[in-house]
Amino acid sequence: MQTSTNQSLRPLTTKINDKGNLEIGGCDTVELAEKYGTPLYVIDEFTLRSVCRDYNKAFSSYDKVKLLYASKALCSMATSSVISSEGFGFDAVSGGEIYTVYKSGVPMEKVLFNGNNKSADELLLALDLGVGRISVDNFFELALLDELAKSKNKKVDILLRITPGIECHTHEYIQTGHLDSKFGFDLTQTDEAIELILNTYSALNLKGLHAHIGSQIFETKVYDDEIEILVKEIARINDKFGLNLDEINIGGGLGVKYTENDMPPSVYEIAEIIINRLKSAVQKYNISEPILYLEPGRSIISTSGVTLYTFGSSKQVPHGKKYVAVDGGMADNARPSMYQAEYSAVIANKPEDECLQNVTIAGRFCESGDILIKSVDLPEITDGDILCVFNTGAYNYSMASNYNRVEKSAMVLVNNSQSDIIINRETLDDLVSHDIIPDRLRANV
Ligand SMILES: *Cc1c(COP(=O)(O)O)cnc(C)c1O
């Protein structure tokens, strides 16, 4: 089976250059750290385009496929425009994501709006900008969206988000398809939802069903099961209500390789399974071939991203661990403290030196749980050395916070030896720019 980019631990352009430094996208990472400061998010455009092309190629044998990128993995104007230029639409989960892809020039009919508690303001923004589909999650939202669409004299194309009742073996916090999930309609509730849409909610135009099982998935069978459930349900609904629903959205979830122990399936492998099962289920349940949406996030953006940090202090616990601290941590990468995520790393200015010690890489934030990597073998470290953590493209910047009142990191896009800043580093003035001291307090100063 052909390999795909999500199976690589490092960006595809990663090399050791003449100076013995780590190079990505033709750029010396030590020079990037010097020029832009650290912590620094780096996105390799070649790797990003390459995984988009894997998806396009892998699904090319099914001509009714629509690939959406799940923006929540990383949403910025520059990355959106790269991904859009590879033919992808977008899955957005907030007004902020919708607005970001809108400002980056993405055609709004290629956007799907999704989420379990969209606000009225967000739904109105989606209606005003004309997003292509809204995936409705629950009864409350059906009523709200219908009312808002009527107030605008609009009809809106929707999918129903359902809970297929599939458990995948990933971290509990990133499972979404199991029966007691907070997301979507239970299969026992879909008929009631459809009756409401047909009889009461005349501004809503149901096009099909949407599900998403979970994230960082390595098993291929869950997609097989999911297709079967969705097609069977579509056939049952069409039959019972005399409808002709012809869209299924199977969500995202494909895993990536954070450490040498991770063996995610290739995009080509899951594409074959998905398409084969779809074609056989379509025959079995006697429906016409539906439009198939996929919305991968992590597997699109993760591998192209690395984060550069500068080493500072260290602490040898007597008879215990050795901690080495970097200038970032849980505010730029929440995943290790949130769900024990693991990462691999090298020292960018001596990537080939022998790894003689096992260390714990500590973040700089005031929490004992702020550990970036629990255990990693590295060469001797001196302060000022640059750490490169791999596979940080997804759910790092997008989950970043200002904890400890630290400025959010900058992001650069590298390609063909060129580096461009795509997100500016926050400044101290940015940090206080939303603060207001009420006059009545000023009077007392
Ligand atoms: C998060 C999410 C995705 C993307 O998941 P990945 O694991 O990043 O591929 C896709 N669809 C929905 C509905 C999601 O919530």
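Note that ligands are numbered from 1 as they come in the structure, with each ligand's atoms numbered from 1 the same way.
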Residue part near ligand 1, for H212, under 4.0 Å between non-hydrogen atoms: side chain

Sub-4.0 Å atoms of ligand 1 with respect to non-hydrogen atoms of A70: 3 (C), 4 (C), 10 (C)

For G297, the ligand 1 atoms whose distance to one of its heavy atoms is below 4.0 Å: 4 (C), 6 (P), 8 (O), 9 (O)

Aromatic plane relationship, Y102 with Y99 - under 30° parallel, 30 to 60° tilted, over 60° perpendicular: tilted

Heavy atom of S299, distance to ligand 1 below 4.0 Å: no

Distance under 6.0 Å and angle within 45° of ring axis: K72 vs Y395: no

R133/E247 salt bridge by N-O under 4.0 Å criterion: yes

Ion pair D246/K207, N-O distance below 4.0 Å: no

Nearest option to atom 7 (O) of ligand 1, as decided by whichever heavy atom of S215, S302, S135 sits closest: S215

Partner of L387 under side chain to side chain contact (heavy atoms under 4.5 Å, CB included), chosen from V326, V324, V346: V326

Within-cut-off N or O pair, G251 and ligand 1, under 3.5 Å: no

Check residues 197-205 and write down every donor-acceptor pair under 3.5 Å in which the side-chain atom is one partner and the other belongs to a residue at least two apart or another chain.
| from | atom 1 | to | atom 2 | distance (Å) |
| --- | --- | --- | --- | --- |
| N199 | ND2 | E195 | O | 3.1 |
| N205 | ND2 | D157 | OD1 | 2.7 |

F183, portion touching ligand 1 at heavy-atom distance under 4.0 Å: neither

Per-atom contacts of ligand 1 with R161, taking only distances under 4.0 Å to non-hydrogen atoms: 13 (C)

Ligand 1 atoms in contact with Y395 (distance to a heavy atom under 4.0 Å): 1 (C), 4 (C), 5 (O), 6 (P), 8 (O)

Salt bridge R49-E86, side-chain N to carboxylate O under 4.0 Å: yes

Test of proximity, G253 against ligand 1: N or O pairs below 3.5 Å: yes

Check: H210 N/O within less than 3.5 Å of ligand 1 N/O: no

Geometric cation-pi criterion R335 and Y258, 6.0 Å radius, 45° cone: yes

For R298, atoms of ligand 1 separated by under 4.0 Å from a heavy atom: 6 (P), 8 (O), 9 (O)

Subset of ligand 1 atoms that lie under 4.0 Å from at least one heavy atom of P296: 9 (O)

Separation of K221 NZ from E226 CD (nearest 0.5 Å): 12.0 Å

